[in-house]
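A, B, ... follow the sequence lines: proteins, then strands. Residue 1 opens every chain. The basis for the numbers below is simple: all heavy atoms, side chains too, and nothing from hydrogens, waters or symmetry mates.
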2 protein chains.
Amino acid sequence: MSAVRTTEKQRQRAPSKRSLETRARILDAAEWLFAERSFEGASLRDMAKLAGVHLAQVNFHGGSKEDLFFTVVARRAGELSDLRLQALDRLKACGQPTVRGILESFIHPYLDRSAHGGPQWLAYARLIAHVSADPRWRHISEACFDPVATAFAAEIAALHPGSDERKIAAALVFSVSAMLSLTTSRWRIDALAGSAEAADDGFGMETCLVDFCEAGISAVLP
Amino acid sequence: MSAVRTTEKQRQRAPSKRSLETRARILDAAEWLFAERSFEGASLRDMAKLAGVHLAQVNFHGGSKEDLFFTVVARRAGELSDLRLQALDRLKACGQPTVRGILESFIHPYLDRSAHGGPQWLAYARLIAHVSADPRWRHISEACFDPVATAFAAEIAALHPGSDERKIAAALVFSVSAMLSLTTSRWRIDALAGSAEAADDGFGMETCLVDFCEAGISAVLP
DNA sequence: GTCTATATGTAGATAGAC
DNA sequence: GTCTATCTACATATAGAC
């Protein structure tokens, strides 16, 4: 958790165990409600109710609403980045990586946490989709996600010397958008597919996504 | 404009010219503010101010806030759908269509209106991105955009008999998400590309997008 | 059709007792 | 650290004069 908290003074002492638990409950509630209703739609009052604390506690532990939003996004961003970079390291330890391998290292941690990380990770996955889709949160994306995304873009570029960095960046943004659509718009896939009901949720959706993005990225490389 | 307005009685007479102008100004203001600040972040007061009318007029012409939101999204949806279907018709008039041609028929009207349709179309493009990314507006997507999207999915499926409809639906959703990312996240392409500044906005971004999606769709077909 | 005035609820934030 | 009470501002919506 590397969030920079400019509006809050440094704590003088380590917080108590109970304080940390209260804080965690508030952040969980905020994560859920921000994901469900977006920034303005989620009220601090509802967060307090969901967390089982009183309203003033939300301000005490979270600062202003904007501070709280940033804190919630940043909280799991470090863990997600670590998972991605670890996957990339494992890949490179096995020799020359492929575009597909790099892509899977980026995509799999997100989809895996989203599907098997419990309700808070699922909420976080939806929250990331909100942050990524709204230019108003550009500064948050830049702080929390762009460093790792830049590293992955560089890995792909290194595989293809002389390729257009701008096209690689575009292809990576397209891939990220497609990945997030599995969180925001899976219902739409079912709707467009017509008859076929969404029997097994995402049985092969991750493979389908990686197939799509791998071919797309390869198509914009020289 | 085919919006169904369930909460408003049928008008008894045709509205006056001035009334129509007032209504259009209100819808333009609402379009801009909904796009800029999302549903909850945009207040009816600000819309009234931006439109140069008084607050009560917004309710009079737009109904409830949710009604107004639906009306704004539906207003240009018909035109966008028509442009897409016309492009598809022109394509089919020239013989057997290709995946790329079908894709361009879907994508180009959106990017063209977004880039050359003036500030209101640009706002509308951002608004669609909000609607598409948020499951809360699923009913609006279903009413305004899914019929045409379903038709395009069927066109692609017709080119490849025996293909998995679910994969085609997924690939189309991925493609739509990537398309919308050119509206919401073009700044991010510049950021990830590193040095290269965004000199000419989208010089070849549409081509790059279509290259990406064409390859991606082809990859999930048999 | 328009606009003043207002009804009614909720938002974010904080002061100060404990 | 916690919680009561409250401040101030703003939200959506409508009634009724013109």
Side-chain angles (χ1 to χ4, degrees), chain A residues 5-34 36-73 136-137, chain B residues 5-34 36-73 136-137:
Chain A
R5 314 172 92 244
T6 54
T7 60
E8 185 177 331
K9 291 177 197 160
Q10 289 293 323
R11 288 178 193 275
Q12 300 300 324
R13 296 208 297 254
S16 72
K17 186 181 173 190
R18 181 161 73 121
S19 173
L20 285 176
E21 285 174 359
T22 301
R23 181 185 150 92
R25 278 213 313 282
I26 290 169
L27 294 186
D28 284 350
E31 187 171 61
W32 179 265
L33 287 165
F34 279 139
E36 190 77 16
R37 306 180 193 171
S38 84
F39 181 74
E40 292 89 356
S43 76
L44 300 185
R45 288 183 146 79
D46 287 344
M47 293 171 197
K49 196 178 298 179
L50 186 58
V53 301
H54 289 116
L55 171 60
Q57 295 290 85
V58 178
N59 271 288
F60 180 82
H61 287 281
S64 76
K65 194 180 187 185
E66 282 211 36
D67 290 343
L68 178 60
F69 189 74
F70 185 92
T71 302
V72 167
V73 177
R136 290 151 75 210
W137 306 121
Chain B
R5 314 170 93 245
T6 53
T7 60
E8 184 176 334
K9 290 177 196 161
Q10 289 293 321
R11 288 176 193 276
Q12 299 300 323
R13 297 207 297 254
S16 72
K17 186 182 173 191
R18 182 161 73 122
S19 172
L20 285 176
E21 285 173 358
T22 300
R23 181 185 151 92
R25 277 212 314 281
I26 289 169
L27 293 185
D28 284 351
E31 187 172 62
W32 179 265
L33 287 165
F34 280 140
E36 191 77 16
R37 306 180 193 170
S38 85
F39 181 74
E40 292 90 355
S43 78
L44 301 184
R45 287 182 140 80
D46 287 343
M47 292 171 196
K49 196 177 298 180
L50 185 59
V53 302
H54 288 116
L55 173 60
Q57 294 289 88
V58 178
N59 270 287
F60 180 82
H61 287 282
S64 76
K65 195 181 186 182
E66 283 212 36
D67 289 342
L68 178 60
F69 190 74
F70 185 93
T71 302
V72 167
V73 176
R136 290 150 75 209
W137 305 121

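Nearest approach of B:Gly52 to B:Arg25, heavy atoms of both residues: O-NH2, 4.2 Å. Closest non-hydrogen pair, A:Val72 versus A:Ala30, comes out as CG2-CB, 3.8 Å.
Between the C1' atom of C:dA11 and the CG atom of A:Leu68 lies a distance of 15 Å, rounded to the nearest Å. One interatomic measurement links the two molecules: CD of A:Glu40 to P of D:dC10, which rounds to 15 Å at whole-angstrom precision. Between the CE atom of B:Met47 and the P atom of D:dC10 there is a distance of 17 Å, rounded to whole Å. Distance CG (B:Leu33) to C1' (D:dA11): 15 Å, rounded to an integer number of Å. Taking atom CD of residue B:Gln57 and atom C1' of nucleotide C:dA5, one finds them 15 Å apart after rounding to whole Å.
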Check: Checking ring-ring contact (aromatic ring centres under 6.0 Å, His included) for the pair A:Trp137/A:Phe70: CA distance, chi angles, key distance, verdict?
Finding: CA-CA 9 Å; A:Trp137 306 121; A:Phe70 185 92; 9.8 Å; no
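A:His54 has no side-chain polar atom (N or O) that falls below the 4.0 Å cut-off from OP1 or OP2 of D:dA5. Of the side-chain N and O atoms in A:Ser43, none sit less than 4.0 angstrom from OP1 or OP2 of C:dT10.
A:Arg18 is listed as a side-chain neighbour of A:Thr22, based on a closest heavy-atom distance under 4.5 Å.
The number of heavy atoms from other shown groups lying within 6.0 Å of CD (A:Glu66) does not exceed 12.
Heavy atoms of B:Ala48 sit nowhere under 4.0 angstrom from any nucleic acid atom.
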Note to self: For a quick check, with a 4.0 angstrom heavy-atom cut-off, what is the B/S/- contact string for nucleotides 13-18 of chain C, read 5' to 3'?
What the structure shows: BB----
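Listed for the B:Lys65 side chain is a donor-acceptor partner under 3.5 Å among the backbone atoms of B:Phe39.
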